[in-house]
Amino acid sequence: MPVIRDRIASQPASHWLSNFNQSTIRSEVSGYVGAANAAGQIPVLTVYGITNRDCGGASSGGAPDLTQYQTWISNLAGGLGNRTVVIILEPDSIALQTCLSSGDLAARNQALHTAVRTLKSGNPNSKIYLDAGHSTWNSAAEQARRLIAAGIADADGFYTNVSNFNPTSGEASYGRSIISSLSAQGVSGKRQVIDTSRNGGASGDWCGDDNTDRRIGRYPTVATGDDNIDGYLWVKPPGEADGCRYAAGSFQPDLAYSLASSATNPPSPSPSNPSSSPSSSPSTSPSSSPSTSPSASQPTGACSATFRVTGSWQGGFQGEVTVTAGAAALSGWSVSWPLSAGQTVTQAWNGTLSATGSTVTVRNVSWNGALAPRATAQFGFLANGAASTPTLTCAAA
């Protein structure tokens, strides 16, 4: 269905690890991470296997006990490789504690803290975020206390809104309050991720199966413009059921269509709409002072392309390319350029990225390939290495 394809399937969503299987978890993770690395993308994994998951609710399951859980985490950590991986650790495990005795709660906190350390040991470049519920659940002060008890001091931050549809503005405000409370309790430097996969409409019934105003929210991006927020990500894949009308975790096309039908196509230009996941350094935001000096156009007759740096940080940069049709309309386009020494392009948005040797090519996606004469389209990319002005070659596809 074009609506689902263009507005949901075209976007990155987290890969969930929710089946407790000791014998296959390492190979599952290694295969997924390896494929992402080979494609120049950075994987986002949601780890969902804690004992007494969802307090026995619609998403119950997980490890039979916490000893086996730690073995599962160790096996999982063994498949993470050594490049950046973003880990959303155990949704609802900290915000939802009503079913736990004081002893069980202490054991869970210890298990989460140990999991953070184990995952970091398996891959020091992993970026790990802990559960902070959402803005209409626990108070910020209470949630901060719980995060500290679960070991956020050793993690990179926390995530919110996986279990609800609250507006991004409210979640950002809630996150600032949590960060303030953490700091007051001696834990600083932590940042937030907000799940925007389903929060574009009015908040309603917590269960997405029955929510009467279902809409996808902001498209995935790491260019949040907020120093406290590492990314707006799609953690809960749009179209997956919550367990009210349909089995929890099952993909339902009618839910996906209801989320996407009233949404716009992914923006072009986009401030940052990663094609797979956040930047290789989510805890270090791109510079908020982008370059305003585009490169010289490299016309081929059918189209031309210009480049500008839109953000930079230690070891990498973010670029934006504007494609302009020539005197005739285009049905598709591609832009190629040679990389400078030490550069690699890790991901692109509003275009499909490929690489041959030291040359990268970005081709249009389904919704931005057709251009009227002199019309424009834009795509962006993230790269490792020092920023430089590339020699762009634009061609009709």
Side-chain angles (χ1 to χ4, degrees), residues 14 17 25 29 33 42-51 53 62-63 66-97 100 104-133 138 140-160 162 175-194 227-231 233 235 277-285:
S14 178
L17 303 169
I25 185 62
V29 172
V33 169
I42 298 175
V44 179
L45 300 172
T46 298
V47 176
Y48 195 47
I50 195 79
T51 304
R53 188 175 69 194
L66 292 176
T67 299
Q68 294 184 67
Y69 176 71
Q70 294 301 344
T71 302
W72 186 70
I73 289 291
S74 295
N75 291 335
L76 190 161
L80 291 176
N82 58 12
R83 296 169 64 177
T84 302
V85 179
V86 175
I87 297 175
I88 306 296
L89 186 62
E90 300 297 348
D92 294 345
S93 61
I94 298 175
L96 178 62
Q97 299 179 346
L100 302 177
D104 289 339
L105 176 57
R108 172 173 288 188
N109 285 336
Q110 182 60 51
L112 289 170
H113 198 173
T114 300
V116 171
R117 290 171 169 169
T118 300
L119 295 168
K120 284 285 190 181
S121 177
N123 181 354
N125 291 316
S126 61
K127 303 292 182 180
I128 303 176
Y129 300 85
L130 295 179
D131 167 47
N138 300 308
E142 171 62 17
Q143 195 62 49
R145 184 192 65 77
R146 295 185 184 193
L147 286 165
I148 291 172
I152 196 173
D154 291 325
D156 295 275
F158 58 90
Y159 57 88
T160 69
V162 175
R176 288 192 294 272
S177 295
I178 291 177
I179 290 170
S180 178
S181 291
L182 289 172
S183 181
Q185 298 177 67
V187 177
S188 60
K190 306 307 172 183
R191 296 159 63 85
Q192 182 184 16
V193 165
I194 299 175
D227 290 341
N228 294 319
I229 301 174
D230 279 342
L233 304 184
V235 179
S277 52
S279 77
S280 58
S281 299
S283 63
T284 303
S285 293

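These numbers were taken from a predicted model, which means no experiment stands behind them. Nothing fancy with the numbering, it's 1 onward along the sequence.
Among the candidates Val29, Val86, Leu119, the single residue satisfying the side chain to side chain contact (heavy atoms under 4.5 Å, CB included) test with Leu45 is Val29. For the pairing with Phe158, the side chain to side chain contact (heavy atoms under 4.5 Å, CB included) check across Leu89, Ile94, Ile179, Ile88 returns one residue only, Ile179.
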Please determine whether side chain to side chain contact (heavy atoms under 4.5 Å, CB included) holds for the pair Tyr159 and Arg191, giving the CA-CA distance in whole Å, both sets of side-chain angles, and the decisive distance to 0.1 Å.
CA-CA 8 Å; Tyr159 57 88; Arg191 296 159 63 85; over 6 Å; no
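Closest non-hydrogen pair, Asn109 versus Ala149, comes out as CB-O, 3.4 Å. Heavy atoms only, all atoms of each residue included: Val187 and Ala153 are closest at CG1-CA, 4.3 Å. Scanning all heavy atoms of the two residues, the minimum distance from Gly49 to Tyr69 falls at O-CD1, 3.3 Å.
Residue Asn123 holds its CG atom at 13.0 Å from OG1 of Thr118, rounded to the nearest 0.5 Å. Expressed to the nearest 0.5 Å, how far OG of Ser14 lies from OH of Tyr48 amounts to 12.5 Å. Once rounded to the nearest 0.5 Å, the distance linking CG of Asp131 with CD of Gln143 reads 6.0 Å. Between Leu182 atom CG and Gln185 atom CD the span is 7.0 Å, to the nearest 0.5 Å. Summarising the geometry, atom OG1 belonging to Thr51 is positioned 4.0 Å from atom CG belonging to Leu66; distances are rounded to the nearest 0.5 Å. Here the CH2-OG1 distance, from Trp72 to Thr67, works out to 15.0 Å after rounding to the nearest 0.5 Å.
Identified under the salt bridge (Lys or Arg N to Asp or Glu O under 4.0 Å) test for residues 69-86, with sequence neighbours left out: none. Screening residues 104-122 for salt bridge (Lys or Arg N to Asp or Glu O under 4.0 Å) gives Arg117-Asp154, Lys120-Asp156 as the qualifying pairs, with residues at least two apart or on separate chains.
For the 3.5 Å distance criterion, the side chains of Thr114 and Gln110 qualify, holding a donor opposite an acceptor. A donor-acceptor pair shorter than 3.5 Å cannot be found between the side chains of Gln192 and Asn228. Tyr129 and Asp230 are linked by a side-chain donor-acceptor pair at a separation below 3.5 angstrom, with hydrogens and angles left out of the test.
With Ser180 contributing its side chain and Arg176 its backbone, the two residues share no donor-acceptor pair below 3.5 Å.
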